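What follows is a set of notes on a single structure, which appears directly below.
Chain naming here is simple, since letters A, B, ... match the order of the sequence lines and numbering starts at 1 in each. Since the structure is predicted, the reported quantities are computational estimates derived from the model, not experimental observations.
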Amino acid sequence: MTKPKFRDVSPSVNYPEMEEGILELWRERDVVARSLSEREGCPEYVFHEGPPTANGRPGIHHVLSRAFKDIFPRYKIMQGYYVQRRGGWDTHGLPVEIEVEKQLGLSGKQQIEAYGVEEFNRRCRASAQEYIEDWERMTVRMGFWVDLKTAYVTFHNSYIESLWWILKQFWEQDLLYQGYKVVPYCPRCGTPLSSHELSQGYKEGTIDPSVYVKFKVKGEENAYLLAWTTTPWTLPGNVALAIGEKLDYVKVRDAGGDVLYMAAALADSVLTPGYEVLETLKGSDLLGMRYEPLYRFYPVDKEYAYVVAGDFVSTDDGTGIVHIAPAFGADDMEAGRKYDLPIVQTVDAAGRFRPEVTPWAGVFVKDADPAIQEELASRGLLYKSGTYEHTYPFCWRCDSPLLYWAKETWYVRTSAKRDRLVDLNQQINWYPEHIKNGRFGNWLENNVDWALGRDRYWGTPLPIWRSDAPGSDYVECIGSVAELEAKVGHTLEDLDLHRPYVDQLTWPAPDGGTMRRVTEVADCWFDSGSMPVAQWHYPFENQEVWERQKQADYICEAIDQTRGWFYTLHAVSTLLFDRPAFKNVLCLGHILAEDGSKMSKSRGNVVNPWDVFDAHGADATRWNMYTASPPGNSRRFSVNLVGETVRKFMNTLWNTYSFFVTYSNLSDWALQTENAEPQALLDRWLLSELNMLVRTVTEALESYDVLGATRPIAAFVDSLSNWYVRLSRRRFWDGDPAALNTLYTALATVSKLLAPSTPFIAEEMYQNLVAGVDPQADDSVHLSRWPQYSVELIDERLNADMALVQRVASLGHSARQAANLKVRQPLAQVVVRVRNAEERDSLTRLQDLALDELNVKSLAFADAAGDLVDVQVFPYPKQLGQKYGSGYPKIRQALSKLDQAELASRFQAGETVEVVADGETYAVTPEDVEVRSTPRAGYSVAEAGGYLVAVTTELDAALEQEGHARELVRRIQQLRKDANLEISDRIVTYVLDSDLVHEVLAHFGNYVREETLTVDLVQVHPDQGDAIPAHLPQAGFELGGKEIVIAVSKK
RNA sequence: GGGCCUGUAGCUCAGCCGGUUAGAGCACUGUGCUGAUAACGCAGGGGUCAGUGGUUCGAGUCCACUCAGGCCCA
């Protein structure tokens, strides 16, 4: 073995610069590609990238999810897996369209169509592409290793063709159908409004009719269900009445003699005074009650006109009975679907009543409101009416009041597979676990059909063609380009599978009409949810790759994706293959601003990733995200918090690394690759902790526990730096090969443990420590193998012993501080009280270390008896509480009243003491109590957590002198440092003589010389005409109350 | 309005199956420190463990309700 020579490492470092250097190294050595090629043929670990929407620049929350996405694939590569991790981009959909609308100054669909769909879509494609480039820069900079070169893009023809194939599979299983969806609709513009358009048009103080309508109960004389509505025009579409099952209802006889049903809480505010309560009921009692329909304009082939339950029913206003017209309300439609109610669509696309609604045919519905009320009143079905002021949406473009209106659209019948959705979810591991049967599980149990169609332009066109023959319902679903070619009879090789091109393809229908595509495009969540299939252009290509990649081992996104990507992945996979799309899913909380408020563009408190990368680097950003809080929690984030991470963790690690390289290069040691049995206590301890760390981190990563895989590394680095290195400094100065080897092993191992989380600093250290000295080593830490731990090196007893020493040392320092005793002043004795005999043994084993750390000559344990200590018997609540329950407080009190010294000695003799309290006798064994002793006079004491450490405060002359000698050494060292001497320089030291100096040097002269590398120690006698050479750096200070002057010069 | 999550020091977070005096780090103040460290050690101030009620010998921990914040749904 030859002496390793490392590249020198400066104690200070610019992390962003260092990281740029590593990125360059990865590029040069083609490490990303090799992380795949070098694992060819290995078992596969499958990661699926949830495609970000390319409609804006990436924010810090995207860095968060990418950081958590990255950690496990990197770990698995090091574990010897082949991890494909293909990138992907979500490029379709409303967000992209809106961005382009803004760029072009367009507003609304009519203007888009006037502008031209062809050009509009061309712009959408270009816009998506531009943002992808932004994303790629961020992705590379933060060290997220996805393959960007082969990233799937949802607007590619091949991707769309796979989506068509999937839809065709649904079609053939009868899972695709056209149904009604209630949308906010502008009757004047003739178009539904998107949610963001809707939010622009709410007006407060809108006045609408307030109408209380009586629905005649079947089979009950003169009895009515009283319902309330602000939209009388929806009443001809009524098919049911909804109540809240848990609400309280009353049956009353009103002043006019009618029997009315309504919510108890609202009776006083609605009914004319003087009514009589006949009965009180629960909502559930009303379920199924039948009533006479108000109108019969349409033939109906389903059960209707009865009472259903709706969790949307409240007693905030109205009557607690809600009139249900599925064509005109989302809740209504939902209830309609749940109870299989008919949908009576009485209104046409211009907002006018259809011809079948004979009295008001052709009338704009809002204008018909008064006539409808009159008509009901004439039949005695109007209880009362008035006006109602509320907030109502209007068209932001033309100011017409919007209607909620059921529009035909395409649905995926997910509810048909609800049970499978729920069952298959049980096979998925959710982190945090509560999402599984909480948020996600609930959502699945309440699954409703997926509204797939969107009346937009930039999206996957639904591959559905229908005959335009009047009255025809002939429809075909196309599952591939080849199929389409067969239909149209010519090649479609150069066809862009977007609008408007596909819309132009037609062919003759069998019923004499022409087959034309429906105008809708697919919900873009369908695009992303289909990525396991579509990213491979399956089944048209890549069958073999797909077979290996079809189910993800791991996916990760933020919590808002439970109803988004997590759901659509699960739904598509369940419907298509009857298996879960992913096995493990990490669900992240959101990032909040430093003050805990939401981070949003409008508040202007969004953190730009580049600001953080430039200030502190990507590693620190990532480390902060991994260690700050559990991944599922929302977290506060700021540039400052990352700065704290740098100071606390990154710098500690870096400086330990720099320290090691400095002393390694100064000394002459040989790297021991074999696991030589370490001799020194601290070496054994450190390697024990290190191996335990490897085990802990490995186990945590295996169970997707990021916190558990990172925080222990931080704790280890802290003890490495502030305990192991600090206590071993002398050995490093001496070039002790065992110490250097131990520290080397720790740093090289830590670099690997850090590789998945802080890939840059891990690489930096690995390159210098491992690759730089071992020609056999892998080219990159990320191509190297995950470290193995050795159980034989884990010594849990030693770890516990050391933890106790640290505890005692801490308390000892505290005791010193209390008595104003500097650490360099040796003391005669420390008296320690530990909690049990095992700990006493622990401390005895490591007492040299403890004495050294505390600079004390001897250790004693506080015993029960004796003049030096006070004792107190303390009963353990856990043991006595469990044994005697409510007797515990009495025992405690009784014990405290007894003579403590006598009691203590009885317990220490192993005696069981009978305690009498309140006439009862309780047996208290020595195991039930702790005897605490506290030193009396002459000690300074510190106490915490059941431990006590006391140091003697008396100093004799010898101790005092030794203290002076150490003070002198410290001053000389400081002077050396101030004079910029090299650590290894030999010096001449001058000391102005005095009795005190004379005395100290007589006893400790050699010690001082050795410590300070002093060759000549000159005692200067001014009274004999000597003087310190004036040009030398000198220092004056007080020692034992006397003025001292020293000076040094290089020999 | 419904579901899920969160609430512990000025800030970021620990706190196991309920059990001794609720802990770290940052920040602040003081102090100490023998050659790596924008470090580190020690101490101090700073807590109605969001609130109320309950279970229990004993509640930060379990239960119920309330409040505040987040996300999703309506």
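Just one of A:W733, A:Y744, A:F732 meets the ring-ring contact (aromatic ring centres under 6.0 Å, His included) condition when paired with A:F659; it is A:F732. Test A:T662, A:V750, A:V13, A:V9 against A:Y657 for side chain to side chain contact (heavy atoms under 4.5 Å, CB included) and you get one pass: A:V9.
As rounded to whole Å, 13 Å separates atom C1' of B:rC72 from atom CH2 of A:W430. Between the OH atom of A:Y567 and the C1' atom of B:rC73 there is a distance of 13 Å, rounded to whole Å. Summarising the geometry, the separation between CG on A:L727 and P on B:rA39 is reported as 21 Å, rounded to the nearest angstrom. Separating the CD atom of A:E927 from the C1' atom of B:rU20 is a distance of 17 Å, rounded to the nearest angstrom. Residue A:W443 contributes atom CH2, which lies 18 Å from atom P of B:rC5 at whole-angstrom precision. Across the protein-nucleic acid pair, A:F659 atom CZ and B:rA36 atom C1' stand 6 Å apart, rounded to whole Å. With rounding to whole Å, A:R563 atom CZ is found 9 Å from B:rC72 atom P.
Base orientation at B:rC57 is anti, since its O4'-C1' glycosidic dihedral falls outside 90° of 0.
The A:H813 side chain lies nearest to B:rC42 when the options are B:rC71, B:rC42, B:rU37.
Spacing between B:rA59 and B:rC73 at atom C1', rounded to whole Å, works out to 35 Å. B:rA14 and B:rC57 are spaced 32 Å apart, taking the P atom of each and rounding to whole Å. B:rC13 and B:rU6 have their C1' atoms separated by 13 Å, with the value rounded to a whole Å.
Between A:W623 and A:F649, the angle of the ring planes stays under 30°, which puts this pair in the parallel group of the 30/60° scheme.
Mapping A:N437 and A:N651 onto RNA chain B by nearest heavy atom places A:N437 at the nucleotide closer to the 5' end. In terms of position on RNA chain B, the residue among A:L707 and A:A330 whose nearest nucleotide sits closer to the 5' end is A:L707.
Side-chain N/O atoms of A:S810 include one lying less than 4.0 angstrom from OP1 or OP2 on B:rC42. Dashed line: the shortest gap from a side-chain N or O of A:R729 to OP1 or OP2 of B:rA36 is under 4.0 Å.
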Taking it one step at a time, do A:F328 and A:Y404 satisfy ring pair (Phe, Tyr, Trp, His ring centres under 6.0 Å)? CA-CA 5 Å; A:F328 308 114; A:Y404 284 92; over 10 Å; no

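Taking only distance into account, the side chain of A:S721 never meets the base of B:rA39 through a donor-acceptor pair shorter than 3.5 Å.
Using a 4.5 Å heavy-atom cutoff, the side chains of A:N425 and A:H570 are in contact.
Within 4.0 Å (heavy atoms only), A:W654 reaches no atom of the nucleic acid at all.
A:L64 CG to A:H590 NE2: the interatomic distance, rounded to the nearest 0.5 Å, is 9.0 Å.
Helical stems in RNA chain B, defined as runs of 3 or more consecutive Watson-Crick or G-U wobble pairs with donor-acceptor distances under 3.5 Å: B:1-7 with B:67-73, B:10-13 with B:23-26, B:28-32 with B:40-44, B:50-54 with B:62-66.
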Annotated protein contacts, base or backbone, on nucleotides 22-27 of chain B with a non-hydrogen cut-off under 4.0 Å, one of B, S, - each: ---SS-

